[in-house]
Amino acid sequence: MLTCWLVSEEEIHHPIQLLHHHTHTLGRSPETKIKDQKCSRQQVELRADCKRGFVSVKQLGSNPSSLDDVVVGKGNQVTFKPGQKLYLLNRLYPYTLQFRDESTSGSSLLGRKEGTGHWSQGLRVSMQDPSMQVYKDEKVVVIKDKYPKARYHWLVLPWDSISSLKALRSEHVELLRHMEQVGDRMVQQQSPNRLHFRLGYHAIPSMSHVHLHVISQDFDSPCLKNKKHWNSFTTDYFINSQDVIAMLERDGRVSVKDGAGELLKLPLRCHVCREEQTTMPKLKEHIRTHLLS
DNA sequence: GTTCTAGAAC
DNA sequence: GTTCTAGAAC
């Protein structure tokens with residue numbers, strides 16, 4: 001079981017432990033050392049889910065608390081994940097989340113695995129591991145997907161901690177262009193034959209930290225196992241990098257349609273000839289026929 | 001994200 | 001009886 005800690009970004013006080021499925025009220029108090037009268041004594045209510053790796057945040061006070069750049073709003077509830085920043089009041093008093101393996105604290109025992117936090121933070125761990133890095137420069141790092149869904153499947157990640165598409169703003173356009181350029185270069189350099197590739201983002205990714213998928217369109221991989229896998233790369237759930245950049249240039253934000261998650265439940269359809277298949281094994285057999293020629 | 005497995009579908 | 005999917009993971 002992981003433990004959950006609320007960390008004051010400005011190190012005003014020690015991390016506060018949030019117990020699994022317990023509510024914790026945070027506001028103007030000796031605990032936070034906040035004396036600002038605009039902050040309610042019960043500014044937000046927090047409830048940690050250590051199994052799923054997030055904290056529910058409900059704003060109780062009248063003045064705005066915000067998650068990244070988005071105001072929560074009184075009475076509203078949002079999901080707070082590691083990598084995101086919670087500002088208790090008016091973009092002040094920033095907090096981050098940490099899920100830690102309790103086995104790493106205190107005296108260590110032999111043979112115990114090092115705690116790496118919640119599974120959804122796996123990419124943040126992998127990108128820092130030199131043995132996983134395929135390419136890196138001052139802005140981004142490229143790693144191979146741990147469970148590739150095709151013969152070639154890379155992830156391009158920025159060093160900057162950007163939790164998801166929702167946190168992207170106009171100022172990130174240049175970074176995203178660079179990520180795409182690096183992705184294009186991976187395709188040209190590493191791929192010997194002329195396989196078709198797509199570069200894009202998942203509408204609702206499971207893993208934290210913005211990552212660009214660079215994936216060959218053979219989908220010839222034992223790790224491609226279920227409908228969710230298939231539809232996440234072959235429906236509108238997969239948003240082309242160019243479309244994300246265009247949206248960011250035009251609106252200053254990336255909007256993901258409501259119900260994008262439903263796209264994962266669509267029938268299995270071949271991405272080449274659009275023919276529908278009834279089961280995954282049949283689909284996998286079918287797409288082999290498009291490999292030749 | 002994956003693993004596991006109950007029970008639906010065949 | 002076997003294959004395959006899809007939801008839980010406290």
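In the text below, chain A, chain B and the rest are named by the order of the sequence lines, each starting its count at 1. None of the values given here were measured: they were computed from a predicted structure.
As judged by a 4.0 angstrom heavy-atom cut-off over every strand, A:K228 is placed among residues making no nucleic acid contact. Nucleic acid contact for A:H202: sugar-phosphate only, since backbone atoms but no base atoms lie under 4.0 Å from a heavy atom of the residue. Looking at heavy-atom distances under 4.0 Å, A:T279 makes contact with sugar-phosphate atoms alone, never a base. Within 4.0 Å of A:P205, counting heavy atoms only, lies no atom of the nucleic acid at all. At a threshold of 4.0 angstrom between heavy atoms, the contacts of A:K149 are confined to the sugar-phosphate backbone, with no base atom among them.
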Strand DNA chain C in bracket notation, Watson-Crick/G-U under 3.5 Å with | for pairs to another chain = |||||||||.
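For CG of A:D236, the number of neighbouring non-hydrogen atoms (other residues, nucleotides, ligands) closer than 6.0 Å is 12 at most. Applying the 6.0 Å contact sphere to NZ of A:K139 captures more than 12 heavy atoms from other residues, nucleotides or ligands. Other residues, nucleotides and ligands place no more than 12 heavy atoms under 6.0 Å from the CD atom of A:Q42.
In this structure, the ring of A:H271 has its center no less than 6.0 angstrom from the ring center of A:F238.
A side-chain N or O of A:Q43 and one of A:S65 form a donor-acceptor pair less than 3.5 Å apart. Between the side chains of A:T234 and A:R269, no donor-acceptor pair of N or O atoms lies under 3.5 Å.
Protein chain A contacts DNA chain C over a range whose 5' and 3' limits, counting nucleotides with an atom under 4.0 angstrom from a non-hydrogen atom, are C:dC4 to C:dC10.
For the atom pair NZ (A:K85) and CG (A:D69), the distance works out to 10.0 Å, reported to the nearest 0.5 Å.
Tested against A:H213 for a ring-ring contact (aromatic ring centres under 6.0 Å, His included), the candidates A:Y152, A:F233, A:W154 yield a single pass: A:F233.
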